[in-house]
Structures are given as C-alpha cells and as structure tokens.
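Order of the sequence lines fixes the chain letters, A, B, ..., with proteins taken first and strands second; residue numbering starts at 1 for each chain.
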Protein chains: 2
Amino acid sequence: MEAREKILDAAVRVFSEAGSRGATTRRIAEVAGVNEVTLFRQFGCKERLLREALFRVSERPSFGSLPAEPGDAEAELVIWASGHLRELYAASSWIRRSIGEFEENPEVSASSCSGPALVARELRSYLDRLQEQGTIAADADTGAAAAMLMGAILADAIGRDVMPDRYPFSVDEAAERYVRLFFRGISARADLSFRD
Amino acid sequence: MEAREKILDAAVRVFSEAGSRGATTRRIAEVAGVNEVTLFRQFGCKERLLREALFRVSERPSFGSLPAEPGDAEAELVIWASGHLRELYAASSWIRRSIGEFEENPEVSASSCSGPALVARELRSYLDRLQEQGTIAADADTGAAAAMLMGAILADAIGRDVMPDRYPFSVDEAAERYVRLFFRGISARADLSFRD
DNA sequence: GGATCATGCAAGCAAACACTTGCACCTACG
DNA sequence: CGTAGGTGCAAGTGTTTGCTTGCATGATCC
C-alpha cells in the first residue's frame, strides 16, 4: 500500500515542475519508481490522481498562529509573518503552478488557497482584537491592511525568484520590514503625520 | 501580411487560457481564423511563434507615470497605483499564466516582468525624491515599502478572482486604500505612534 | 498448500500532437 | 499577359499521450 503514497508525492513534484498538462502519467510513474500501470490501477485515471494529490497538499496543516489575546502585537506579528512567508516560499513553485492553472481549473486553484484563506481570517480577527484593545487606531482600515500585508507576503514568496532585483533584502528580514511598515500604517491616527 | 498579426494575437489569447502546452497550433490557427499551415510557414515552429507573441505583449507600453517632481504625493500615488492596478487586473489571466510557467520557462516569465520592473524602479526614485524633500520620514524603509505596495497591487490583481473573500472592497477603491496605509507607514516617525 | 491480491513487464491502441508535402487559388506587380 | 508569392485544402509523417490487456511474480492470509 505504499505505492499509493509514492505516486501521490511524485504527482505533486511533477505537477510543480511541469503543470497538469506536462505531468504525464509516464513521468509521474518514473519519478515514483513505480510501473505506469500501477498508477492507473490505483487511481483509475490521471484526473483523479491529480485531484487527490493536489487536495492532499492543500490540506496539510499550517504552522504557527497568532495568539488569541494579543500581547506585544508588533513582535507577535513579525513572528507570525516570517513563519507564513517561509512556508509560502518553501512551496513557491507549487503555488505559482496552481495560480497559473486557475483559468483552466478554478476549483483546484481555489482549494489550494483554502489554507491561506484561513490565515487571512486569523489575521483579520487578530486586528479586530487590537482595535478593541485600543492598540491601533480606531479608524484603521483593517480589511485593506490585512489584504495588503498578506498580498505583500504572497507576492514576495512567488516573485522573489522571478524578479530578484525588486527585493533588495533577504527573505529572513522581509517579514520584519513589512510588518513594521504595516504596523505604522495602522497605528498612526489620520491627524498624526510626520508633517505636523 | 495581416495573417501574421492575427496569429500573434490569437497566440496570446490561447496561451492565456491554456498555457504553452495547451496552446496547440490547431487551436491558435482556429482562433486566428487562419489555416494551420500558414502558421508554420510564417513562424517555422510553435516555439518561435510563442516567443514572438509573448515578447510583443511584454513590450507594450505602460500607461501613466509618476511626476518627476512630487507635488501632492499621496494624491499622485493614488492615481498612479490605481492606474497600475487596473492595468495589471486587465492582464491578470496572462500574468497568472506567465508566473505559472516560470519553472518551465524562466526567461519568458522574467521578460514578462520587464514592464513591472520599470514601474518598480520609478516608484523607488519617486520615494527617494520624497525623502530628499522631507515629505516622508528620513528613516523610512523605502525599499521594503516599494516592494510592499507593488506586491500588494500584484497580489490583488492576480488573487482577487481566485480568492474573492479576501478582498472586502472593490478594485476601484483598492489602490486608494493601499496607498493611504502605505503613506502612513512611511510618513510616521518611529517615535511617533498612536500610543504616545 | 492454495487462494487472493497488489505489483511488474511487454505490448499495444486510438487520439492528439508538431510539422511536412503537393497542389490549386488568388492577388499584386512588371 | 505572365510570373511570383502568400494562402487554403487534403493528406500524411512520426512521436507522445492516456489508457488497456494478458500474463508472470511475489507476498499475505486462511
């Protein structure tokens, strides 16, 4: 019964490199070290195999989470963001592929975002708590801020390899820099700017 | 000589929908309303056709730019950012595909980012000018700020269709919200936060 | 020991693929 | 008028793709 696992792992690897069209059953079987026929006997057809493989990836648990009750908000956000960025960066080739196949296969792309969607909701509720606490400005645009921070992290994860000159700092310090700006953006009152 | 143009346009459309592997010569010819043989007589092989078609897209001029000498910085940034976001959003399916094929074809993906790369450099020099002017904080992290704003815009453009619930505001107001947060982030001095 | 079941191997099938050839057509230009 | 060049059409090439079949092998369980 271990053939199934080997095939699923190989399917994810080959899909990341070549996409669903390029992930041929022969190549998946070769990478898995398994006969091609076994693949069809286990999964019936290529489509079911890919669906199961990609579903498994999107279901793997995400690491780290924000504390329910905020303490040192900026420090907690830095830890959380750098963990999230590292996670996305490690899976960047798979993420790029999933995004790229959205036109062809919207469900797969969408399901691959179920993890990040949970993370986004977590961030939003954390920000709301901060607002209740009075830690950040009452008029802060938390919805846009959450989208902006998560967008910046996602773009960093998938864009750093593609456009290296756009990121004049390492992955390790990226999250801290983003969070610092993010935190200034939601902390400052509208009437309290540098110019005053 | 108009067959060439029709084929190139069709190639871009089909590539956006199906990727380079899915963009078959038959389908491109069909969409172009041209015989498949004409395609080979004009471009020799599929690879050269796709290369020329994708190069043409990445070479089309970008609209709008930041003024050389900043006036009302926040307003200028809003105009610029919303124009940039609209532009990316209009090309989102093509961008997603190009990103998705980075593993397979790094040069194409990279060349498709030559436009955004110019835009990024423009933003950076604009921010440096603002810093010289004293409009924004002298210790502001302009490199990270530029990456963050452009990343947020890119992620919005390619992610809004994929994860609609992550963006609780319309495309039209997105840029303004991002820029406002961005501007607060780089305007506020480190010692001048909401808590003081 | 015998039955069951997952697997490997060799071979093959029909479809789709990139690409070619030969010929007829039409338009433009001298 | 005649020639040259771009195009359409029909047919076909060899390769790759998803998927199937038949049979041998090895482990597992009763």
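- Rounding to whole angstrom units, CD of residue B:Gln42 and P of D:dG8 are separated by 10 Å.
- Here D:dT15 presents its P atom at 18 Å from NZ of B:Lys46, a figure rounded to the nearest Å.
- Atom-to-atom, CZ of A:Phe43 to C1' of D:dG18 comes out at 16 Å; the value is rounded to the nearest Å.
- In this structure, B:Trp80 and B:His84 have parallel ring planes: the angle between them is below the 30° cut-off, well short of the 60° mark.
- If you find the closest nucleotide of DNA chain D to A:Ala23 and to A:Val37, the one lying nearer the 5' end belongs to A:Ala23.
- The separation between A:Glu36 atom CD and D:dC19 atom C1' is 8 Å, rounded to whole Å.
- The only option from B:Leu88, B:Val179, B:Val119 that meets the side chain to side chain contact (heavy atoms under 4.5 Å, CB included) definition with B:Ile153 turns out to be B:Leu88.
- Both B:Arg26 and B:Lys6 lie close to DNA chain D; mapped to their nearest nucleotides by heavy-atom distance, the more 5′-ward contact belongs to B:Lys6.
- What separates CZ of A:Arg4 from P of C:dA6 is a distance of 11 Å, to the nearest Å.
- At a cut-off of 3.5 angstrom, counting only N and O atoms as typed in the model, there is no donor on one side facing an acceptor on the other between the side-chain of B:Arg41 and the base of D:dG5.
- Taking side-chain N and O atoms only, A:Thr25 has no distance below 4.0 Å to OP1 or OP2 of D:dC19.
- Between the CD atom of A:Glu30 and the C1' atom of D:dG18 there is a distance of 16 Å, given to the nearest Å.
- For the atom pair A:Met148 CE and A:Ile186 CD1, the distance stands at 11.5 Å (nearest 0.5 Å).
- Counting any heavy atom pair closer than 4.0 Å across all strands shown, A:Val34 reaches sugar-phosphate atoms only and no base atom.
- Between A:Asn35 and the phosphate of C:dT7, there is no side-chain N or O to OP1/OP2 separation shorter than 4.0 Å.
- The distance from atom CG of A:Leu50 to atom C1' of D:dT17 is 14 Å, rounded to the nearest whole Å.
- Per the geometry, CZ belonging to B:Phe40 stands 17 Å off P belonging to D:dT13, to the nearest Å.
- Inspection of the A:Asp156 and A:Tyr89 side chains reveals no N or O donor paired with an N or O acceptor under 3.5 Å.
- Listed here is the closest heavy atom pair of A:Ser187 and A:Ile136: OG-CG2, 4.3 Å.
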